[in-house]
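For reference, the structure is listed below as structure tokens.
Just so you know, ligand 1 is whichever comes first in the structure, and atom 1 is the first atom listed for that ligand. Since the structure is predicted, the reported quantities are computational estimates derived from the model, not experimental observations.
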Amino acid sequence: KVHYYEWDISCQLKSPDCFEKLAVTVNGEAPGPTIRATLGDTIVVAVHNKPETENTAIHWHGIRQIGTPWADGVAGVTQCPILPGETFTYKFVVDRPGTYLYHAHYGMQRVAGLNGMIVVTVPDGFVEPFSYDEEHTVLLGDWWHKSVYEQATGLSSNPFVFVTEPQSLLIDGRGMFNCSLAPSGTCNASLPDCALPTLFTAVPGKTYLLRIGSLTSLSSLYFEMEGHPMMVVEADGHYVRPFAVRGLFIYSGETYSVLVKADQDPRRNYWAASHVVGRNPSQTPSGKAFVSYAFNGNNPWMPPPTAPPAGPAWNNTAIRVEQSRAIFAHPRFVEPMPARADRTLLLLNTQNRIDGHIKWTINGVSLMFPATPYLVAMKRGMKDAYEQRPPPDMYDHMSHDISAPAPTNGTVGSPVYRLALGSVVDVVLQNSNMLNNKSETHPWHLHGHDFWVLGHGEGKFNPAADAWRLLNVRDPIMKNTVPLHPDGWTAVRFRADNPGVWLFHCHVEAHVFMGMGVVFEEGVERVGRLPSSIMGCGRSKGLH
Ligand SMILES: O=C1O[C@H]([C@@H](O)CO)C(O)=C1O
């Protein structure tokens, strides 16, 4: 079945948390509509870029784009940006059931609100390893009152100005700001847009599947529903061995499905809340929503009689690592993993000062997208369109102290890791201290593939020691986004079997903007004829 959508991208004044601000919207909405399809369906989205001021490109997060690498939607990697007034049509197949996301992938545009969810259901006759009565989506976000332009300008200026902490956390696109803190006339708490949302109305006794996604720009979150534990059953489109949590740690770019039973006193409402973890949340009030029971006489808009939950200690890294380690593939859905890798990349994440500017580098290289999209440049053999010298596979792990800031200045560039088609690649992401001597959480997202999560460790990964023995090779979960925890490392394995050019990057919008990503190429010569609609910028001007 083909699902055809017409999307007008436009700037609109929105007040998701009562404060009025310019947002980039899909058909006037932010977040945009949820795409719903069944396994094997084709999605066609005609994107009409309406604003006179903005380029755009839309990434379908978690969709591997097998055979359609030009539809991945990353400006600079898989296509030229969509210019104002132009229409670009994305067409791709959803080839795995599960919960996925979409968002702008042009500059830092995601911060301005262009995001949403994709739900891929199983076909008739396919039995999922769990059952439920009804399902709902929950999209989590964070929100700033400063414009995306100011944020991007601050990050690339000298002196550097960080985006700072978000003013609000959004649940299904809504939050609530204390308007007394805003200049008069900019904030209005009676706007319908910023009423706390009802997450869902629960019929007593029923079981709900909540498809939860996070598209925060910065924040790692803890999401909980007062009095209602959650059973985690899916992560990034893969069934997991069910495990119960009181609340869920979720990182930008991740999705989880959880089962929740409506088994509490139906005469009152309950809080659902998201809290910032991993960064100091003192400037960011928790996101809130209601869970309401459909019960005679219960008022769905009545705030719960209890105080909103406070969430866990934001700086308790150990409990977050514990959840990361509690996720295993469902025993009936283990995807067999190759026993060893053909190549190992040991990627050190550091903050560097390059020509006075603060950048993130990976093994000393801060990624800057070239003017010509890599996919066009590499498929057409344009050697002057990107950096030919490959980036380093390793950093100096023997001598580098991960508790000290970066050892070198680093460079800004556009190199590519060229992977042999079909080869198995291990990537160990190594965290380290920033210039301010602190270490932060980085959710890493891989385009075009899912990876097996081999493990998470503390301190420095030592390839020579027995680190590999500690890794889960029996029933590792597959994901497309995984957290790199503070002061630690995360190891993943994937098969480079999808011809194309693919971004692998930190999903913190400010960080990828500051260069925190790498580019992989595999089998680009096998990619079919490129659509000319992805061309028109840099050296691809005038090409077909
Ligand atoms: O990239 C970042 O920069 C700041 C800080 O390190 C420098 O101000 C911060 O918290 C980040 O995540």
Parallel, tilted or perpendicular: which fits the ring planes of [X] and [Y], with parallel below 30° and perpendicular above 60°?
| X | Y | value |
| --- | --- | --- |
| F494 | F520 | tilted |
| Y395 | H400 | perpendicular |
| H485 | H456 | tilted |

Could you tell me, atom by atom, which parts of ligand 1 come under 4.0 Å of a heavy atom of [X]?
| X | result |
| --- | --- |
| H511 | 1 (O), 2 (C), 11 (C), 12 (O) |
| F160 | 3 (O), 7 (C), 8 (O) |
| M434 | 6 (O) |
| M514 | 1 (O) |
| R279 | 9 (C), 10 (O), 12 (O) |
| W360 | 1 (O) |

### Ion pair D450/K479, N-O distance below 4.0 Å
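So D450 does not pair with K479 through a salt bridge.
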
#### Entry: Residue and atom name of the nearest protein heavy atom (relative to atom 12 (O) of ligand 1), distance in Å to one decimal
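Of the protein heavy atoms, E440 OE1, 2.5 Å lies nearest.
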
### Query
Closest non-hydrogen protein atom to atom 3 (O) of ligand 1, residue and atom name please, with distance?
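Checking every protein heavy atom, the shortest distance to atom 3 (O) of ligand 1 gives Q351 NE2, 3.1 Å.
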
### Query
Take atom CZ in R246; do more than 12 heavy atoms of anything else shown fall under 6.0 Å from it?
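Count not over threshold, so no.
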
### Message
Does the Lys NZ or Arg CZ of K21 fall within the cation-pi geometry relative to W143 - under 6.0 Å from the ring centre and within 45° of the axis?
### Response
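Relative to the ring axis of W143, which defines the angle, K21 lies inside both limits.
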
### Task
Assess whether side chain to side chain contact (heavy atoms under 4.5 Å, CB included) is satisfied between E254 and H445, documenting all intermediate values.
CA-CA 9 Å; E254 287 191 313; H445 171 59; over 6 Å; no

### Query
With a 4.0 Å cut-off on heavy atoms, is K438 touching ligand 1?
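Heavy atoms of K438 never come under 4.0 Å of ligand 1.
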
